[in-house]
Amino acid sequence: MQTVAVIDFETTGMSPGQGARATEIAAVLVQDGRIVDRFQSLMNSGAWVPPFIEQLTGITNSMLRTAPGAESVMRDVARFTRGCPLVAHNAAFDRGFWQAEIARADCEPDPAHQFACTLLLARRLYPQAPNHKLGSLARFHALPSAGRAHRALADAEVTAHLLLRVQEDVQLQFGAELGGRGVDHRLLMALQKANKLALARCVTGHVKASKVPA
DNA sequence: TGCCAGGCCCTCTTTAGGGCCTT
């Protein structure tokens with residue numbers, strides 16, 4: 001079964017385009033419906049962490065002073081996730097930092113590193129949720145807690161449990177269309193883009209497309 | 001002077017605007 005890497009960044013701000021840098025990254029590998037491996041590291045890019053972010057994440061400037069360099073951490077996490085599709089909650093955010101930090105570390109881009117987004121999927125599948133913040137969805141589905149929110153490993157683990165719940169619910173909801181097929185990464189990427197009224201059509205189309213020889 | 005993210009979704013839309021979500 002395909003192994004997927006769920007990642008989460010903590011950063012100094014909202015956008016790498018505005019000079020924000022990553023302060024911590026975590027990746028958890030999900031295979032056969034469970035977490036099978038974990039990677040987590042603080043990363044010292046030399047960037048200053050604003051007080052608001054120190055308070056939000058608990059990651060302080062003094063903690064980063066002794067952390068490994070951002071470039072070596074990115075090389076390590078790229079190696080850890082090699083060949084795995086990626087998943088994040090609000091993937092547009094993490095994708096931006098992933099691409100920026102990978103480029104700074106001079107890593108070769110991995111074609112397998114395509115992002116699926118649990119935020120987009122949750123908006124499709126759980127319109128009845130009070131909102132689609134990671135913490136709210138964790139409460140909504142009673143997902144296991146993995147530690148302090150706004151730390152990379154804890155958030156990545158919660159996102160991994162949300163992903164597993166999404167896969168389970170897609171299977172339950174569209175089992176007939178899937179005909180015994182698993183909920184793979186390509187289907188999740190198709191679903192997150194599907195019009196909310198066209199989920200079933202999307203699944204059927206994906207299954208038909210999957211039957212065409214490459 | 002005032003503003004300064006980006007991507008996505010929804011709707012009183014598409015020649016746009018506002019809200020959500022991430023740190």
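When reading the values below, keep in mind they use all heavy atoms of this one structure, side chains included, and skip hydrogens, waters and symmetry mates. Order of the sequence lines fixes the chain letters, A, B, ..., with proteins taken first and strands second; residue numbering starts at 1 for each chain.
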side-chain N/O A:Arg123 vs B:dC10 OP1/OP2, d < 4.0 Å: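 No, because none of the side-chain N or O atoms of A:Arg123 sits under 4.0 Å from OP1 or OP2 of B:dC10.
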Phosphate OP1/OP2 of B:dT22: any A:His89 side-chain N/O under 4.0 Å: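 For A:His89, the contact criterion (side-chain N or O under 4.0 Å from OP1 or OP2 of B:dT22) is met.
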Using the [atom1] atom as the point on both nucleotides, what is the distance between [M] and [N], in whole Å?
N: B:dT1; M: B:dT15; atom1: C1'; result: 28 Å
N: B:dG6; M: B:dT23; atom1: C1'; result: 13 Å
N: B:dG19; M: B:dT13; atom1: C1'; result: 15 Å
N: B:dC3; M: B:dG7; atom1: P; result: 23 Å
N: B:dA16; M: B:dC12; atom1: C1'; result: 11 Å

Pairwise 5' ranking along DNA chain B for A:Arg95 and A:Leu56, keeping only the more 5' one: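 Residue closer to the 5' terminus by nearest nucleotide: A:Arg95.
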Most 5' of A:Gln192 and A:Gly135 on DNA chain B, judged by nearest nucleotide: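 First, find each residue's nearest nucleotide; the 5'-ward one identifies A:Gln192.
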For [X] and [Y], work out which heavy atoms get closest and say how close.
X: A:Ala100; Y: A:Pro16; answer: CB-CB, 3.8 Å
X: A:Ala78; Y: A:His113; answer: O-CE1, 4.2 Å
X: A:Ala152; Y: A:Glu24; answer: N-OE1, 2.9 Å
X: A:Gln173; Y: A:Glu177; answer: O-OE1, 4.4 Å
X: A:Ala47; Y: A:Asn61; answer: O-OD1, 4.1 Å
X: A:Val28; Y: A:Ala156; answer: CG2-O, 3.8 Å

Hydrophobic cluster (4.5 angstrom, side-chain heavy atoms) - remaining members for A:Met74: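 So far as hydrophobic clustering goes, A:Met74 is joined with A:Ile7, A:Phe9, A:Met14, A:Ile25, A:Leu29, A:Val36, A:Phe39, A:Met43, A:Val73, A:Val77, A:Phe80, A:Leu86, A:Phe93, A:Phe97, A:Trp98, A:Ile102, A:Phe115.
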[X] side chain: which of [options] is closest?
X: A:Leu120; options: B:dC21, B:dC9, B:dT23; result: B:dC9
X: A:Leu134; options: B:dC21, B:dT22, B:dG6; result: B:dT22
X: A:Asn90; options: B:dT23, B:dC8, B:dT22; result: B:dT22

Whole-Å gap separating [atom2] ([N]) and [atom1] ([X]):
X: A:Leu191; N: B:dC8; atom1: CG; atom2: C1'; value: 16 Å
X: A:Leu121; N: B:dC9; atom1: CG; atom2: P; value: 11 Å
X: A:Ile53; N: B:dT23; atom1: CD1; atom2: C1'; value: 4 Å
X: A:Met43; N: B:dT23; atom1: CE; atom2: P; value: 15 Å
X: A:Leu125; N: B:dC9; atom1: CG; atom2: C1'; value: 15 Å
X: A:Arg124; N: B:dC9; atom1: CZ; atom2: C1'; value: 7 Å
X: A:Asp94; N: B:dG6; atom1: CG; atom2: C1'; value: 13 Å

Those residues of residues 63-71 of chain A lying under 4.0 Å from DNA chain B by at least one heavy atom: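 Under 4.0 Å from DNA chain B: no residue of residues 63-71 of chain A.
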Neighbours of DNA chain B within residues 148-159 of chain A, by heavy-atom distance under 4.0 Å: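 Only A:His150, A:Asp155 qualify.
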Contact class for [X] (heavy atom, under 4.0 Å): base, sugar-phosphate, or nothing?
X: A:Asn131; answer: sugar-phosphate
X: A:Leu119; answer: sugar-phosphate
X: A:Phe52; answer: base
X: A:Thr57; answer: sugar-phosphate

Evaluation steps, side-chain contact (heavy atoms from CB on, under 4.5 Å), between A:His185 and A:Val87: CA-CA 9 Å; A:His185 195 73; A:Val87 174; 3.7 Å; yes
Gap between atom CG of A:Leu56 and atom CZ of A:Arg151 - 0.5 Å precision: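 Separation between the atoms: 11.0 Å.
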Stepwise side-chain contact (heavy atoms from CB on, under 4.5 Å) test for A:His150 and A:Ile59: CA-CA 9 Å; A:His150 294 297; A:Ile59 298 170; over 6 Å; no
Other residues, nucleotides, ligands: >12 heavy atoms within 6.0 Å of A:Gln55 CD: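 At most 12 heavy atoms, drawn from other residues, nucleotides or ligands, come within 6.0 Å of this atom.
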